[in-house]
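Working notes for the structure below.
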Amino acid sequence: MEPLLSVQNLKTSFKTDGGLVKAVNDVSFDLFEGETLGIVGESGSGKSVTSLSIMRLLPSPPSRIDPDSKIIFKGRDLLKLKDEEMRKIRGKEIAMIFQDPMTSLNPVLTIGKQITESLKLHLKMDDNASKKRAIELLKLVGIPSADKRLSDYPHQFSGGMRQRVMIAMAISCNPKLLIADEPTTALDVTIQAQILELLKKLRNELGTAIMLITHDLGVVAGMCDRIQVMYAGKIVETSNSKGLYAEPRHPYTIGLLNSIPRLDERRHERLIPISGMPPDMVTLPPGCSFEPRCNYRQSAICQSKVPELREVGEAHKAACLFDITRDSPVTVKTGDTVAAETI
């Protein structure tokens with residue numbers, strides 16, 4: 001089965017006054033039709049830049065995508081398309097739910113105007129047909145009194161309702177690929193659950209492939225077929241959902257899982273945060289980028305060799321020099337380093 005989307009050796013950088021920022025550094029993955037792929041990581045790990053590179057929405061300059069990078073969608077390299085050809089794909093075949101609907105929606109245009117715009121542009125609908133379709137979309141995403149709310153402005157909607165409007169706009173042309181960038185950020189847990197259930201419903205009913213970007217491993221737990229963990233512009237672990245949660249194999253993934261609460265754990269066990277801060281993307285540390293924060297590091301080795309993604313199980317890859325599991329003994333205790341077995 002051919003992938004719907006194939007990202008190959010994607011490298012996206014930004015030229016800044018402080019130096020060159022390699023925001024996405026040699027990222028490759030496939031996404032198949034009807035599949036949900038979760039991309040997880042802290043802020044600054046390269047998740048959103050990856051999605052904006054696929055959509056070709058990054059300003060150039062200061063951004064630059066390496067000429068050797070490829071983004072193959074339905075057999076066509078998006079990076080080689082002219083702007084006019086890309087505009088025909090963007091919104092119609094690939095749609096995106098942006099991170100903050102309040103800043104993504106135009107504050108001076110009504111909701112109806114913003115939804116019908118893409119219907120008229122891509123599907124050539126007239127005023128009556130596009131308005132009827134817009135009402136159907138608002139009903140589909142659970143907005144009551146849809147016919148009356150078309151004339152409302154974004155500030156007249158709550159945060160959850162604005163997010164639903166963004167979803168309605170994104171699915172208006174029945175895209176093959178939906179990129180959801182932090183769709184539940186700043187929403188309370190009840191609305192988060194409703195938004196995720198809505199995305200599941202759309203995937204099941206329309207067969208849409210979904211790329212779900214988030215910093216929260218708890219959000220993607222019951223949503224995604226596969227999960228990729230990003231750190232410092234690279235994919236450090238990838239697996240199906242069950243394998244990643246049952247047996248994480250990268251120290252960063254283990255750290256993320258240890259820092260979120262679990263219902264099946266005893267109440268008195270404390271959450272363990274990841275020490276330190278993400279690296280400066282202008283001056284990345286030598287060797288493994290996670291080494292300064294890693295509880296399993298051996299400085300001499302980890303500072304001199306860059307780990308590559310390697311097979312650690314069935315359909316499971318991790319970028320670590322050591323065979324780390326959740327039960328592995330911690331090698332860093334109060335500044336001391338204990339030997340660990342190298343692969």
Side-chain angles (χ1 to χ4, degrees), residues 5-29 31 37 39-73 76-91 93-108 166 169-170 177-183 185-186 211-215 228-236 252 276-290 292-293 306 319:
L5 174 73
S6 180
V7 177
Q8 303 172 12
N9 309 114
L10 178 61
K11 298 178 182 178
T12 304
S13 58
F14 294 86
K15 190 174 182 180
T16 70
D17 293 338
L20 189 66
V21 175
K22 296 180 180 179
V24 178
N25 191 5
D26 201 12
V27 165
S28 300
F29 61 88
L31 178 60
L37 174 68
I39 301 182
V40 182
E42 291 171 289
S43 296
S45 60
K47 310 182 303 297
S48 294
V49 175
T50 298
S51 65
L52 292 172
S53 299
I54 294 171
M55 296 291 289
R56 279 182 53 183
L57 289 174
L58 293 171
S60 179
S63 71
R64 179 181 180 273
I65 298 179
D66 191 275
D68 293 333
S69 303
K70 292 183 180 181
I71 302 174
I72 310 298
F73 177 73
R76 303 172 71 189
D77 190 348
L78 300 182
L79 297 179
K80 293 183 179 179
L81 298 182
K82 297 180 179 179
D83 290 342
E84 183 64 28
E85 293 176 303
M86 190 63 203
R87 278 194 289 268
K88 293 179 181 179
I89 293 176
R90 192 188 300 125
E93 297 190 69
I94 306 177
M96 186 167 179
I97 304 170
F98 292 94
Q99 190 167 142
D100 185 358
M102 193 62 222
T103 57
S104 301
L105 293 170
N106 193 321
V108 300
M166 286 291 300
M169 293 174 61
L177 172 61
L178 178 62
I179 301 174
D181 187 3
E182 301 276 10
T185 296
M211 184 187 299
L212 179 60
I213 298 170
T214 180
H215 62 273
Q228 294 182 161
V229 181
M230 289 191 70
Y231 186 80
K234 291 188 174 185
I235 296 173
V236 296
Y252 180 56
M277 296 290 290
D280 182 349
M281 297 300 288
V282 176
T283 56
L284 287 172
C288 177
S289 299
F290 189 61
R293 308 173 70 189
V306 178

Between Ser69 and Lys11 the two heavy atoms that sit nearest each other are OG-N, 3.0 Å
Sorted by chain and residue number, the side chain to side chain contact (heavy atoms under 4.5 Å, CB included) partners of Asp83 (sequence neighbours excluded) come out as Arg56, Arg87
Mind checking whether Met166 and Ser104 have side chains closer than 4.5 Å, heavy atoms only? yes
Begin from the C-alpha positions of Arg293 and Glu42 and carry the test salt bridge (Lys or Arg N to Asp or Glu O under 4.0 Å) through to its verdict.
-> CA-CA 13 Å; Arg293 308 173 70 189; Glu42 291 171 289; 2.9 Å; yes
Scanning both residues in full, the closest heavy-atom pair of Val306 with Gly287 reads CG2-O, 3.6 Å
Interatomic distance, CG@Leu78 vs CD@Glu85, rounded to 0.5 Å, equals 10.5 Å
Rounded to the nearest 0.5 angstrom, the CD-NZ distance for Gln228 and Lys234 is 14.5 Å
When rounded to the nearest 0.5 Å, the distance separating CE of Met230 from OG of Ser48 is 10.0 Å
Closest non-hydrogen atoms of Phe14 and Ala23, given as atom of the first, atom of the second and distance, are CE1-CB, 3.7 Å
Compare all side-chain heavy atoms of Arg64 with those of Leu20 and state whether any distance is below 4.5 angstrom.
no
Between the CZ atom in Phe73 and the CG atom in Leu79, the distance rounded to the nearest 0.5 Å is 13.5 Å
Between Met211 and Ile54 the two heavy atoms that sit nearest each other are CE-CD1, 3.6 Å
What one should report as the nearest heavy-atom pair of Ile97 and Ala170 is CG1-CB, 3.9 Å
Query - Polar side-chain atom of Lys47 near backbone of Gly41 as donor-acceptor pair, under 3.5 Å - result: yes
With sequence neighbours left out, the residues meeting side chain to side chain contact (heavy atoms under 4.5 Å, CB included) with Thr214 are Val40, Glu182, Asp216, Val219, Val220
Heavy-atom nearest pair, Ser289 first then Pro279, reads O-CG, 4.3 Å
- Item | Verdict with reasoning, Asn9 to Asp68, per side-chain contact (heavy atoms from CB on, under 4.5 Å) | CA-CA 7 Å; Asn9 309 114; Asp68 293 333; 5.8 Å; no
To the nearest 0.5 Å, atom OG1 of Thr50 lies from atom CD1 of Ile235 at 7.5 Å
Worked verdict on Val236 versus Phe290 for side-chain contact (heavy atoms from CB on, under 4.5 Å) = CA-CA 10 Å; Val236 296; Phe290 189 61; over 6 Å; no
Are side-chain heavy atoms of Ser53 and Leu58 found at a separation under 4.5 Å?
yes
Taken in chain and number order and not counting sequence neighbours, the residues that satisfy side chain to side chain donor-acceptor pair (under 3.5 Å) with Asn25 are none
To the nearest 0.5 Å, atom CD1 of Ile213 lies from atom CD1 of Ile39 at 5.0 Å
